[in-house]
Amino acid sequence: MCEITTGRLEVCKDVVGGLDAIYFINYGDYSFPTDVTYVSSTDTIDAIANVTSLYKYQLKGTNTFDQVITTSRENGTSFVEQTLSVVLKKQDAATHKTVKLLSYGRPNIIVKTRNNQFFLAGLEHGMELTTANVSNGAQMGDLVGYNLTFVGTEKILANLLDTTTEAGLIGAGGVFGSTTTIVTS
């Protein structure tokens, strides 16, 4: 059955938009669905096994994560397109190399919002880097950096991770456990 089981009251105005950070996971580091454990439904992930590194990128400014559900009555299908757009300021050789490698692969991406929510985009199929604009600007105040757009297609909305802190991602009892490290440089 496809029946809803709860209602929703009007919510308080106590949230903000925007993203604080993203964390890349190399596609294939975990096996879906065997390495993924859920809290009580497939909406929130409690644990993911076998991931050794999360590659963190701090964000500031205009960065977005949007999800669009598309359904077809005629075909009996539903899917979600997940789109992550980020700006990485300043160019350097290490980031050039990373952008190149991201364009070759299809990482899974953890998205941390300014509300301390963590979502896992591309859980099953990964996220494709569809556009990478490496810009040097025209005026003195223009962006020198990278505009990256990742797109993924999944069966469901990006899962919430069962944590509200970065510390809850790793370590004993963390979503990824004590054998995972967060790499920042």
So Thr180 and Ile48, side-chain contact (heavy atoms from CB on, under 4.5 Å) or not? Walk me through it. CA-CA 10 Å; Thr180 303; Ile48 298 177; over 6 Å; no

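- Here Ser103 contributes atom OG and Glu128 contributes atom CD; the two are 10.0 Å apart, rounded to the nearest 0.5 Å.
- With Ser31 contributing its side chain and Thr34 its backbone, the two residues share no donor-acceptor pair below 3.5 Å.
- Put simply, the side chain of Asp92 gets close to the backbone of Thr95: a donor and an acceptor are under 3.5 Å apart.
- Between Ala158 and Phe119, the closest heavy-atom pair is O-CD2, 3.7 Å.
- With a 4.5 Å cut-off on side-chain heavy atoms, Asp43 and Leu160 do not count as touching.
- Under the 4.5 Å side-chain heavy-atom criterion for ILVMFWY residues, a single connected hydrophobic cluster contains both Tyr38 and Val51.
- Note: Arg106 CZ to His125 NE2 = 8.5 Å, rounded to the nearest 0.5 Å.
- No single ILVMFWY cluster, assembled from side-chain heavy atoms under 4.5 Å apart, contains both Ile110 and Phe24.
- At least one side-chain heavy atom of Phe176 sits under 4.5 Å from a side-chain heavy atom of Leu161.
- Considering Asn108, Asp35, Thr52 as possible partners of Tyr30, the one that fulfils the side chain to side chain donor-acceptor pair (under 3.5 Å) test is Asn108.
- In this structure, Thr130 contributes its side chain and Thr149 its backbone to a donor-acceptor pair below 3.5 Å.
- Between Leu102 and Tyr55 there is no side-chain heavy-atom pair separated by less than 4.5 Å.
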Run the side-chain contact (heavy atoms from CB on, under 4.5 Å) check on Val86 and Tyr57 step by step: do they pass? CA-CA 10 Å; Val86 298; Tyr57 284 70; over 6 Å; no

Would Lys112 and Glu166 count as a side-chain contact (heavy atoms from CB on, under 4.5 Å) here? Give the steps. CA-CA 9 Å; Lys112 180 187 179 205; Glu166 183 175 272; 5.6 Å; no

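- The line from OH of Tyr27 to CZ of Phe32 is 9.5 Å long, rounded to the nearest 0.5 Å.
- Minimum heavy-atom separation, Ser178 to Ala172: CB-N, 4.0 Å.
- Taking the side chain as every heavy atom from C-beta outward, Val99 and Leu129 approach each other to under 4.5 Å.
- Considering all non-hydrogen atoms of both residues, Thr163 and Gly168 come closest at OG1-CA, 3.2 Å.
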Verdict with supporting geometry, Lys89 and Lys60, side-chain contact (heavy atoms from CB on, under 4.5 Å): CA-CA 9 Å; Lys89 292 167 252 351; Lys60 189 99 171 148; 4.2 Å; yes

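- Both Val183 and Leu88 belong to a single network of hydrophobic side chains, linked directly or stepwise wherever heavy atoms of I, L, V, M, F, W or Y lie under 4.5 Å apart.
- Going from atom OG1 of Thr37 over to atom CD1 of Ile45 covers 9.0 Å, rounded to the nearest 0.5 Å.
- Here CG of Leu84 is found 8.5 Å from CG of Leu148. Values are rounded to the nearest 0.5 Å.
- Although no hydrogens or angles enter the test, the distance criterion places a donor-acceptor pair under 3.5 Å between the side chain of Gln82 and the main chain of Gly122.
- No side-chain donor-acceptor contact under 3.5 Å links Asn63 to the backbone of Gly18.
- Relative ring orientation between Phe118 and Tyr23 is described as tilted, the plane-to-plane angle lying within the 30° to 60° band.
- Placement of Val111 and Leu59 within a single hydrophobic cluster is found when ILVMFWY residues are connected by side-chain heavy-atom separations under 4.5 Å, directly or transitively.
- Ring orientation note: the planes of Tyr146 and His96 are nearly perpendicular, at an angle over 60° on the 30°/60° scale.
- Residues Asn159 and Val36 fail the side-chain proximity criterion, which asks for heavy atoms closer than 4.5 Å.
- When all heavy atoms of Leu123 and Glu154 are compared, the closest pair comes out as N-OE2, 3.6 Å.
- Residues Leu157 and Ile69 form a side-chain contact, since some pair of their non-hydrogen atoms from C-beta on lies under 4.5 Å apart.
- Taking hydrophobic clusters as Ile, Leu, Val, Met, Phe, Trp and Tyr residues chained together by side-chain heavy-atom distances below 4.5 Å, Leu120 shares a cluster with Ile182.
- Taking all atoms of both residues into account, the shortest heavy-atom contact from Gly17 to Arg114 is O-NH1, 3.0 Å.
- Inter-residue side-chain proximity for Asn147 and Thr131 is flagged as unmet; no heavy-atom pair is nearer than 4.5 Å.
- In the displayed structure, Gln58 atom CD is contacted under 6.0 Å by at most 12 heavy atoms of other residues, nucleotides or ligands.
- Taken from CG in Leu169 to OG1 in Thr164, the straight-line distance is 10.0 Å, to the nearest 0.5 Å.
- Gln91 has its side chain within reach of Val134: a pair of non-hydrogen atoms, C-beta onward, lies under 4.5 Å apart.
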